[in-house]
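Structure first, commentary second.
Side chains included, hydrogens not; waters and symmetry mates left out as well; all remaining heavy atoms used. Reminder, nothing fancy here: chain letters follow the sequence lines and each chain counts from 1.
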Amino acid sequence: MPDDLFTGLNPAQQRAVQAVDGPVLVLAGPGSGKTRVLTHRVAYLIRALQVDPYQILAVTFTNKAAREMKQRLVHLVGEEAAYALTVGTFHSLCARFLRRDSVHLGRERDFVIYDGDDQERLMRRVVRELNLDEKKYAPRAMLARISSAKNELVGPAEYARLNRTYLDEIVARCYERYQQLLRQSNALDFDDLLVEMVHLFEQHPAVLGHYQRRYAYLLVDEYQDTNRAQYTLVKQLAAQRHNLFAVGDNDQSIYGWRGADIRNILQFEQDYPDAQVILLEQNYRSTQAILDTAQAVIAGGGKQKHRKNLWTDNGSGTKVSLHEGYDQDAEASFVADEIARLVASGEVSYGDCAVMYRVNAQSRALEEAFIQHGLRYQIIGGTRFYDRKEIRDVLAYLRLTANPYDNVALTRVLNWPPRGIGERSEAELTRWANELGVPLYQALREIEVGTSPFAARARSALLGFLANIDQILTMRNSLPLTDLFDAMMICLEVRETLLKEYDSEEAEDRWRNVQELRNVMNEYNHLPLESQLSTFLEEVALVAEVDKLEDKADAVTCITLHQAKGLEYPVVFLVGLEEGLLPHSRSLNEREQVEEERRLLYVGMTRARQRLYLCYAFRRATFGRSNITTRTRFLADIPKELLAQTKQQRKTTAPPAQSSMFTARSTIAGPPPKTAARPPRPAAPSSPTFAPGQHVHHPTFGDGVVVSSRLIENDEEVTVKFADKERRLLASFAKLEHLTG
DNA sequence: GGCAACGACAAACTG
DNA sequence: TGTCGTTGCC
């Protein structure tokens, strides 16, 4: 018996679910159950309107969301219908469609997908080839421009035509060559997946017609984050039937930097004049206290008229806490203390808590604090599994197996394991391949048969490599994926190589990572033999880090604000709310960019269900340098009566400090802290109470020896050498005890 | 060509 | 503070 379609849905949600055919825009605030609406809409189409599930295409923001939607639909419409649906992200859907229809583009089916690292390698090659200064024309910067161009559907020729500055010309040349080399490698980068799809539809109306007929119903989540290419794709697909159901929230648009255009959602009604607009204004996630605070931040953005008025009947809840830590370590330590306290009280578990930050680099201080406090935690992002060198090397071989013309993969492992092919041989091979106008693999074949410019030693090394590749290639179609993998490891002596490169402990670590990759492959062994490898590689390229987020593990989640989109936690800490970090220093120049940072903060705040902590540090170390900070401007938009300070009040008998921080602080001094975890601060000392050589005890760091001590502002900064390392502590803050004897 | 040591430079978010 | 790339030596 399938679950009921409408139980638990409010009238607005029901209206959305039951909207008649035609374009629909659902403007949904955070926590308004938009994913639920989207899912139930699909179920409604199938069950009430008798739409064939085969005709429904739903686009989600992450693969994880796609999986969850399908799971939910199993209960609503049954397994068979749920599996007949097409659900996925723009990128994964395009990859799938292109593979099916790429004959029209005159390319081979088995294209590979280049990720950021591959792109960079390729662009480095381009920049060198064009004799450009890599310092002046950083490959990353070139790629950033090219990526924006692609997101706007501007190709190399048009780019060259449109742009007039000298730099533009350089970029245009790089762009063109970059595309040539991608094509030669039979590769597409992430942006190409979308661009190629749009082009395919433009150039082959019959193909487009096929998709338009097949997907009579189109649903798109997070519409505010679509870029020009995605927008065009949607427009193409929906052109016939207009059955477009778009869900989004302009206040949560945070991907402008990668080409998302907020106008796509703002102008929906102009694009589709017969559109119905439905507002989802009730928030089911957060308490009133959290919602009010978040709304204050978003309203601080100014003039733009807001169409949504969010409300909740979840009750007022605990006030939002504002906390100042001395530095990022104190901030992290506060977070850890607070989580430990909440967990000890039995109120929440570790898994209920999340810490969010602007940049991944901030996770280190948190990690240290969590280790010190013995809390379970997981860090999402940072160096990803698939970014590890050994994994990328092994993957490069797998990619070569799928497609020997992949030049980036080939150069990556040309000399790994080391086989005596150095820089010179590689350069010579590249030059020669360019001269012949063939992929590197082809050039290697030529060495075998004809005359080549290589000395005997280089020649035999290169042929050795070719023999390796060919040996693996012969196994490609006869072995299941995991067996192919094992054979490959033996043939390449991967384990032995790792043992040579690293000391035994690290080598074992890396070997375990490689084995982990093999575990992932297990899931593909059941597919038809010929599609195992390509399917595996495609999914590896397109998984996002959040896709792997598991909520089963009872651990504190550390995550960037961007990745946190769409998630929710009972307890949320936002750390590093300082100028230069949020808004990030690189967005300070442009108003619109600062507004995007504001929305980012809003997204973070609205992830919280019951408790929200806003944290910033008085000083913060970047590049190992410690600097005085300024609280983020966005805090000024929050009425002070909405906030509770968890920080102890200073007894400010000292003269006003030179730092603006101290004057700023007094303006937000709210009501007495509700959740104060620490005893009040002692009065400021007038002379150092700690002296070098003294033995002290700290509740977290243990015993240590004072290195130095000095008076700062109205407190005392003590540098103490603990067993693990030296730390700078504030005497009033750190609960240091003198040890006698 | 390979390896070790040193120095420069970097860190915004991601599919 | 850590990573990566270059340099210089074997």
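In terms of the side chain to side chain donor-acceptor pair (under 3.5 Å) criterion, residue partners of A:His562 (sequence neighbours excluded) are, by chain and number, A:Trp257. For A:Tyr211, the ring pair (Phe, Tyr, Trp, His ring centres under 6.0 Å) partners at least two apart in sequence or on another chain are A:Phe97, A:Phe201. In terms of the side chain to side chain donor-acceptor pair (under 3.5 Å) criterion, A:Arg459 has no residue partners (sequence neighbours excluded). Residues satisfying the side chain to side chain donor-acceptor pair (under 3.5 Å) test with A:Glu367, not counting sequence neighbours, are A:Tyr377. Partners of A:Asn407 according to the side chain to side chain donor-acceptor pair (under 3.5 Å) rule, which considers only residues two or more places apart in sequence or in another chain, are A:Gln184, A:Ser185. Here A:Tyr223 pairs with A:Phe268 under the ring pair (Phe, Tyr, Trp, His ring centres under 6.0 Å) rule; sequence neighbours left out.
Looking at A:Arg599 and A:Glu592, a side-chain N of the basic residue comes within less than 4.0 Å of a carboxylate O on the acidic one, giving a salt bridge.
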Between the protein and nucleotides 3-10 of chain C, list every N/O to N/O distance that falls short of 3.5 Å.
none

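Within the nucleic acid shown, A:Arg457 comes within 4.0 Å of sugar-phosphate atoms alone, with no base atom in reach, counting heavy atoms only. A:Asp225 comes within contact range of no nucleotide atom at all, as no heavy-atom separation falls under 4.0 Å.
C:dT6 and B:dA11 have their P atoms separated by 15 Å, given to the nearest Å.
Summarising the geometry, the separation between CH2 on A:Trp416 and P on B:dG2 is reported as 15 Å, rounded to the nearest angstrom. One can place CD of A:Glu367 at 14 Å from C1' of C:dG2, the figure rounded to the nearest angstrom.
Note on residues 146-155 of chain A: pairs passing salt bridge (Lys or Arg N to Asp or Glu O under 4.0 Å), not counting sequence neighbours, are A:Lys150-A:Asp189, A:Lys150-A:Asp192.
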Given protein heavy atoms under 4.0 Å, the one-letter contact record of nucleotides 10-15 of chain B, with B base, S sugar-phosphate only and - none, is simply BBBBBB
